[in-house]
Structures are given as C-alpha cells and as structure tokens.
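Just below is one structure, and these are the notes that go with it.
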Amino acid sequence: MKVVAGSASVELARELTRDLAASAGAGFIEVAYEKHPGGFPDGERYARLLGPVSGEHVVLVQTTHPDPMIVELFLLADAIRDAGARRLTAVVPYFGYGRQDKRFLDGEAVSAKTIAKHIAVDCDELLTMAIPANPEILKTFPLPTREVSGMPAIGRYLKSAKVDVILAPDEGALRLAKEASSVAGVPFDFLVKERIDSYTVKIEPKALAVRGKSVGIVDDVISTGGTIATAAKELKAQGARRVIAACVHGLFVDNAEKNLKGLDDVIATDTIQSPHTKVSVAPEFAAAIRALG
Ligand code: R5P
C-alpha cells in the first residue's frame with residue numbers, strides 16, 4: 001500500500017502512513033507540487049509523483065478546500081492511474097461543496113455530486129468525514145462512499161481536557177455530541193439554534209445545568225465562528241466556568257478569530273490544517289482503510 005498526499009493534506013497523510021505502516025505495510029510517496037520555484041505565474045496547479053505506484057493499492061489523501069486543491073486531487077488521481085496503480089482509494093477528509101447537496105434553485109448544479117462524479121473517474125472508492133450536508137447524498141455518489149466519524153478523536157481530546165458535559169450548538173449536531181460524549185464518558189445535550197443568515201445565528205437560552213462546569217461544544221464545522229461564539233456566550237451567561245469548542249473541520253473564515261475570543265479553547269482536527277489543529281483523525285481513517293478489505 002502507498003499513501004500519496006495532495007498539498008492540503010500532507011500532515012494527515014504522513015500520520016496515516018505511520019498508522020498503516022505496521023498493519024498494511026504502507027509507504028509514503030513524495031509529490032512535487034511545483035514545477036518551477038513559485039509555481040506557474042497564472043496560478044495553475046502542478047503535481048508530480050516522485051515514486052512508483054505500479055500494481056499498488058494507493059490511498060490518495062486530499063481535502064478539497066480551497067478550490068485549487070480540487071484540481072490537485074484530480075491531477076494526482078489521474079497520474080496515479082496512469083502510473084499503473086491497481087486500486088485507488090480517495091480519502092477526502094473535508095469534502096468541499098458538501099453543503100450543496102440538492103438543487104435549491106433551478107439551473108444550479110448539485111455541487112456535491114459534481115465533485116463526486118469527477119472523483120469517480122479515477123478512484124475506486126471514497127472515504128470522507130463529517131460531510132456538511134445530509135449524509136444521504138453519499139448514497140447517490142457514483143462510487144462506493146463511506147463517511148468516517150471524527151468524533152472518537154474529539155471525544156478523546158475532550159476527555160483529556162476533563163470536560164463535565166458535551167453540548168451540540170443545535171439539534172443537527174446532537175448525534176455528534178452523543179458520540180463524543182460516549183467516548184469522553186460524560187453526559188450530552190443540545191442548544192436551540194436559529195440561523196438568521198450566513199453570518200448570524202440566534203441561540204435560544206435552553207436552561208442547562210452548566211453552572212460551575214467545564215463544557216465542551218462540538219460541531220462538524222466552524223466557519224465564521226458565529227454559531228460557537230453565540231453558544232459560548234449563552235453558556236457563560238448560564239454560569240459555565242470553562243467553554244471549549246471542538247470541531248472536525250476548522251475553516252475559520254472572515255472574523256472567526258475575533259468571534260472566538262470568548263472561548264477558553266478552540267480545537268479542530270487535521271482534516272483542514274489551521275493553528276487550531278490539535279487532534280488527528282488519522283486513526284479513524286486508518287481503521288476505515290483496514291476495513292476496506
Ligand atoms: C451548520 O449548521 C453547521 O453544523 C455549523 O454549525 C455551521 O456551519 C457553523 O458555521 P459558523 O461558524 O459560520 O457559525
């Protein structure tokens with residue numbers, strides 16, 4: 001087995017290789033991401049495999065955010081196939097465009113499906129994590145696709161941070177809070193969120209027993225930080241002693257850092273690298289790859 005990384009996911013792919021080295025004999029194949037120092041002047045991506053993959057089961061790891069990383073994924077998948085790989089598993093830790101899981105307005109593409117269709121050109125199967133949409137969309141993808149959970153990794157972190165309770169910032173994230181709490185061995189609950197627009201949310205003050213407690217809030221994505229900041233404000237108002245936010249995908253766009261100032265800690269996994277990446281989901285993907293058979 002060989003592991004190849006797009007430039008968005010090098011750290012996670014190296015970690016994954018370490019996890020799969022003993023059990024699956026995995027080795028890491030280096031990639032050159034630039035042909036010329038500084039890249040192409042017009043910003044086009046470049047990717048070149050620097051090792052052989054002929055006859056191998058290759059695991060290609062690449063988050064599809066920001067957009068140029070999608071092109072890199074397709075270039076690498078094609079190069080791996082052309083170089084004679086026997087089997088190609090795409091690990092897309094953060095599946096960009098996952099939110100557009102249906103045609104909201106006439107004339108739109110179902111973008112999540114568009115990306116999946118192109119992955120299916122060269123890849124045999126797809127593993128992804130915490131798709132920010134209805135996971136039912138995965139069943140419509142034209143290649144076998146599995147959503148791997150990142151909550152065990154987050155649950156382990158929150159356990160070591162000694163939180164007393166784990167909360168979801170909305171009912172949609174309740175399944176995440178439930179899973180993380182079973183790993184951390186603490187109770188779970190959820191807050192009631194109403195989204196006003198892309199930047200604003202309202203959290204209803206559902207009375208929770210958080211006074212004097214250390215609270216972990218878990219979500220699939222932190223984007224602008226609006227959801228988590230509003231939830232943390234409500235929890236502090238209800239007497240929480242400490243509020244730690246944990247997400248699978250840390251996008252941290254716009255004023256996220258400013259919005260998250262009131263939190264005692266903000267952590268994200270390595271599906272997207274950021275200064276908040278403190279947890280690796282490599283063990284979760286390694287287990288899913290071993291289970292592929
Ligand atoms: C949507 O409901 C998601 O689960 C997240 O809560 C949302 O994407 C977070 O976005 P933001 O950080 O911009 O509030």
Side-chain angles (χ1 to χ4, degrees), residues 9 11-13 15-16 18-19 61 63 65 91-95 98 127-133 135 146-191 193 208 210 213-232 235 240-252 256-257 259-260 262-289:
S9 298
E11 290 87 346
L12 173 55
E15 199 65 42
L16 187 59
R18 279 191 280 277
D19 275 20
V61 191
T63 268
H65 170 84
V91 171
V92 178
Y94 173 66
F95 192 92
L127 299 176
T128 186
M129 186 168 273
I131 185 143
R146 198 191 135 193
E147 190 184 36
V148 178
S149 176
M151 282 304 124
I154 287 180
R156 288 193 294 274
Y157 181 93
L158 292 176
K159 185 176 188 175
S160 69
K162 297 191 174 16
V163 299
D164 302 309
V165 59
I166 294 181
L167 300 180
D170 55 36
E171 207 171 346
L174 186 57
R175 70 186 174 107
L176 307 181
K178 189 174 175 188
E179 199 184 341
S181 76
S182 75
V183 175
V186 296
F188 67 94
D189 205 337
F190 69 97
L191 294 154
K193 173 174 106 175
L208 295 160
V210 294
K213 293 203 172 139
S214 175
V215 182
I217 319 176
V218 297
D219 210 348
D220 51 356
V221 181
I222 296 181
S223 179
T224 65
T227 300
I228 293 293
T230 312
L235 292 167
R241 175 171 51 84
R242 209 163 137 247
V243 182
I244 301 176
C247 68
V248 179
H249 310 303
L251 288 166
F252 304 113
E257 295 303 337
N259 292 341
L260 296 167
L263 276 291
D264 296 286
D265 193 8
V266 178
I267 69 130
T269 76
D270 52 359
T271 60
I272 300 172
Q273 279 295 326
S274 80
H276 297 286
T277 299
K278 292 178 192 162
V279 172
S280 180
V281 289
E284 281 65 38
F285 277 117
I289 290 163

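As the structure is a prediction and not an experimental result, all values here were calculated from the model.
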Which heavy atom of [X] sits nearest a heavy atom of [Y], and at what distance?
X	Y	result
S223	L251	CA-CB, 4.1 Å
L176	D219	CD1-C, 3.8 Å
S280	A153	O-CB, 3.7 Å
A282	D19	C-OD2, 3.6 Å
V243	A232	CG1-CB, 4.0 Å
P93	H249	O-CE1, 3.2 Å

To the nearest 0.5 Å, what is the distance between [atom1] on [X] and [atom2] on [Y]?
X	Y	atom1	atom2	answer
K178	F190	NZ	CZ	12.5 Å
D220	M151	CG	CE	7.5 Å
I228	L263	CD1	CG	7.0 Å
D264	R241	CG	CZ	9.0 Å
F188	I166	CZ	CD1	10.0 Å
S9	I272	OG	CD1	9.0 Å

Evaluate the side-chain proximity of [Y] to [X]: yes if any heavy-atom separation is below 4.5 Å, no if none is.
X	Y	value
M129	E147	no
L260	I222	yes
L12	V281	yes

Quiz item: side chain to side chain contact (heavy atoms under 4.5 Å, CB included) between I289 and L16: does it pass, once the steps are laid out?
Solution: CA-CA 10 Å; I289 290 163; L16 187 59; 3.9 Å; yes

Exercise. Determine yes or no for a side-chain-to-main-chain donor-acceptor pair under 3.5 angstrom, with D265 supplying the side chain and I244 the backbone.
Key: no

Quiz item: Counting N and O atoms only, with roles assigned by atom type, does the side chain of S181 sit under 3.5 Å from a partner on the main chain of P187, one being a donor and the other an acceptor?
Solution: no

Self-check item: Heavy-atom neighbours of K278 NZ exceed 12 at 6.0 Å
Solution: yes

Quiz item: Counting heavy atoms not belonging to E257, are there more than 12 under 6.0 Å from its CD?
Solution: yes

Exercise. Starting from the C-alpha separation in whole Å, work towards a yes-or-no answer on side chain to side chain contact (heavy atoms under 4.5 Å, CB included) for V279 and D270.
Key: CA-CA 6 Å; V279 172; D270 52 359; over 6 Å; no

Practice problem: Take the angle between the ring planes of H276 and F252 and call it parallel below 30°, perpendicular above 60°, tilted in between. | Solution: tilted

Exercise. Carefully, step by step, assess V215 and L167 under the rule side chain to side chain contact (heavy atoms under 4.5 Å, CB included).
Key: CA-CA 7 Å; V215 182; L167 300 180; 3.7 Å; yes

Self-check item: Polar contact flag, side-chain donor to acceptor under 3.5 angstrom, E284-S149
Solution: no

Practice problem: Quick one: do T128 and V148 satisfy side chain to side chain contact (heavy atoms under 4.5 Å, CB included)? Show the steps, please. | Solution: CA-CA 6 Å; T128 186; V148 178; over 6 Å; no

